[in-house]
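Here's the structure we're looking at; comments come further down.
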2 protein chains.
Amino acid sequence: MRIGELSERTGTSRRLLRYYEEQGLIVSSRSPNGYRSYDENLVDRVLQIRGLLDAGLPTRIIKQILPCLNKPRVIHFPDATPEMLSTLTLERDRMTQRIECLIRNRDAVSEYLDTVSAGATPDRIPQASAAR
Amino acid sequence: MRIGELSERTGTSRRLLRYYEEQGLIVSSRSPNGYRSYDENLVDRVLQIRGLLDAGLPTRIIKQILPCLNKPRVIHFPDATPEMLSTLTLERDRMTQRIECLIRNRDAVSEYLDTVSAGATPDRIPQASAAR
DNA sequence: CCGTAGCCTCACATGCGTGTGAGGGTGAGG
DNA sequence: CCTCACCCTCACACGCATGTGAGGCTACGG
């Protein structure tokens, strides 16, 4: 597919798709006329990239963790240098930290919302405010 | 405490502490000499801010969710305007999405690491090369 | 054949979190 | 008194993800 379709199907501007390519996150072949041509599976990959970017990972790191997500997981680990493995390990741990932080805060927000909607929507039920 | 101590205890540059204050994420009182003076509990708050920033939330949003995390959770929900509640709800859902995305990818990375270390090391004594 | 829609490259711009440094005050210790 | 370690404000700069637009090609439909 061409860039316009990929853009629409992923909700990502053409500009960004070219940027991701420039950063080595996705690849494209070129049609004879010079147009970029994308494989079907790039839709998922782009969505994944967007999710990770949104979660605070820089493209540099995303580029390193993306290869871990290809379906044929078996074949491609001869190229793993030890320092790359340690980077991955470190980054995995940082992801875990992020997850924990997000969960903590999301739960707090959620609890707050529950409390408010319990206390505000029905005529104000007082004992709800004493909860916790 | 003064900014230097807070900086050291949170691993955050003075510059950033002032920036967070400017963005309304933390507050400080001023000593007669003009020095900022911080409350003890700001240590935790700053760490929380850092975690959320690292997880991709902008200060604008962090500022809105921070009030949900004060210990005396009881007192301060009269100020909740309906549109602020919907913002919070939306943001909570976005956090959930982030969490799911991070978990998926972290698990994939983890599995990859497991596969590699299981497949690559057994030849030459594994725990030796794994020693860190 | 022309218009128009899609693609190309290139380059400048913006918002945000962060670094760095200049220029200057404060206050405790030798 | 002077030094040194802190603090202050202000302003410029950077990296990164993203927007915007200029200038120019391609190719299909009327």
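Predicted model only: the values in this text are computed from it and were never measured.
Applying the salt bridge (Lys or Arg N to Asp or Glu O under 4.0 Å) rule to pairs touching residues 3-14 of chain A yields A/E5-A/R9, A/R9-A/E40, sequence neighbours excluded. Annotation: salt bridge (Lys or Arg N to Asp or Glu O under 4.0 Å) contacts involving residues 18-31 of chain A, sequence neighbours excluded, comprise A/E21-A/R36.
Here the OH atom belonging to B/Y38 is positioned 13.0 Å from the CZ atom belonging to B/R45, to the nearest 0.5 angstrom. Rounding to the nearest 0.5 Å gives a distance of 13.5 Å between OH of A/Y19 and OG1 of A/T12. Annotation: the span from A/L52 atom CG to B/R98 atom CZ amounts to 11.5 Å, rounded to 0.5 Å.
Side-chain atoms of B/S37 and B/R2 form no donor-acceptor pair, as typed in the model, at a separation below 3.5 Å.
Listed here is the closest heavy atom pair of B/L42 and B/V27: CD1-O, 3.3 Å.
Using a 4.0 Å cutoff on non-hydrogen atoms, the parts of residues 45-55 of chain B near DNA chain C are B/R50, B/L53, ordered by number. Across residues 3-13 of chain B, B/S13 each have a non-hydrogen atom less than 4.0 Å from an atom of DNA chain C (numbered order). Within residues 95-103 of chain A, no residue is approached by DNA chain D to less than 4.0 Å at the level of any non-hydrogen atom. A heavy-atom distance below 4.0 Å to DNA chain C is reached by these residues of residues 16-30 of chain B, ordered by number: B/L16, B/Y19, B/Y20.
A residue-by-residue look at B/P32 and A/S37 shows that A/S37 has its nearest nucleotide of DNA chain C further toward the 5' end.
Comparing the end axes of the helix from C/dC1-D/dG30 to C/dG30-D/dC1, each fitted to five base pairs by superposing C1' atoms of four pairs onto the next four, gives an inter-axis angle of 10° (nearest 10 degrees).
In this structure, the side chain of B/N105 engages the main chain of B/C101 through a donor-acceptor pair within 3.5 Å. The backbone N or O of A/E83 lies less than 3.5 Å from a partner atom in the side chain of A/S86, making a donor-acceptor pair.
With sequence neighbours excluded, the residues forming a side-chain contact (heavy atoms from CB on, under 4.5 Å) with B/L90 are B/R94, listed by chain and number. B/N33 meets the side-chain contact (heavy atoms from CB on, under 4.5 Å) test with B/S31, B/Y35; sequence neighbours excluded.
At least one side-chain nitrogen or oxygen of A/R36 sits closer than 4.0 Å to the OP1 or OP2 atom of C/dC8. Between B/N33 and C/dG27 there is a side-chain N or O to OP1 or OP2 distance below 4.0 Å. Side-chain nitrogen and oxygen atoms of B/T59 include none within less than 4.0 Å of the OP1 or OP2 phosphate oxygen of C/dC16.
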Expected rows: protein N/O vs nucleotides 11-13 of chain C N/O, under 3.5 Å:
none

Using atom types as modelled, flag every donor-acceptor pair under 3.5 Å from a side chain in residues 59-69 of chain A to any protein atom, sequence neighbours excluded.
none

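Bracketed by its first and final contacts, the part of DNA chain D lying under 4.0 Å from non-hydrogen atoms of chain A reaches from D/dC16 to D/dA27 in 5' to 3' order.
Considering only heavy atoms from C-beta on, B/D39 stays 4.5 Å or farther from B/M1 through its side chain.
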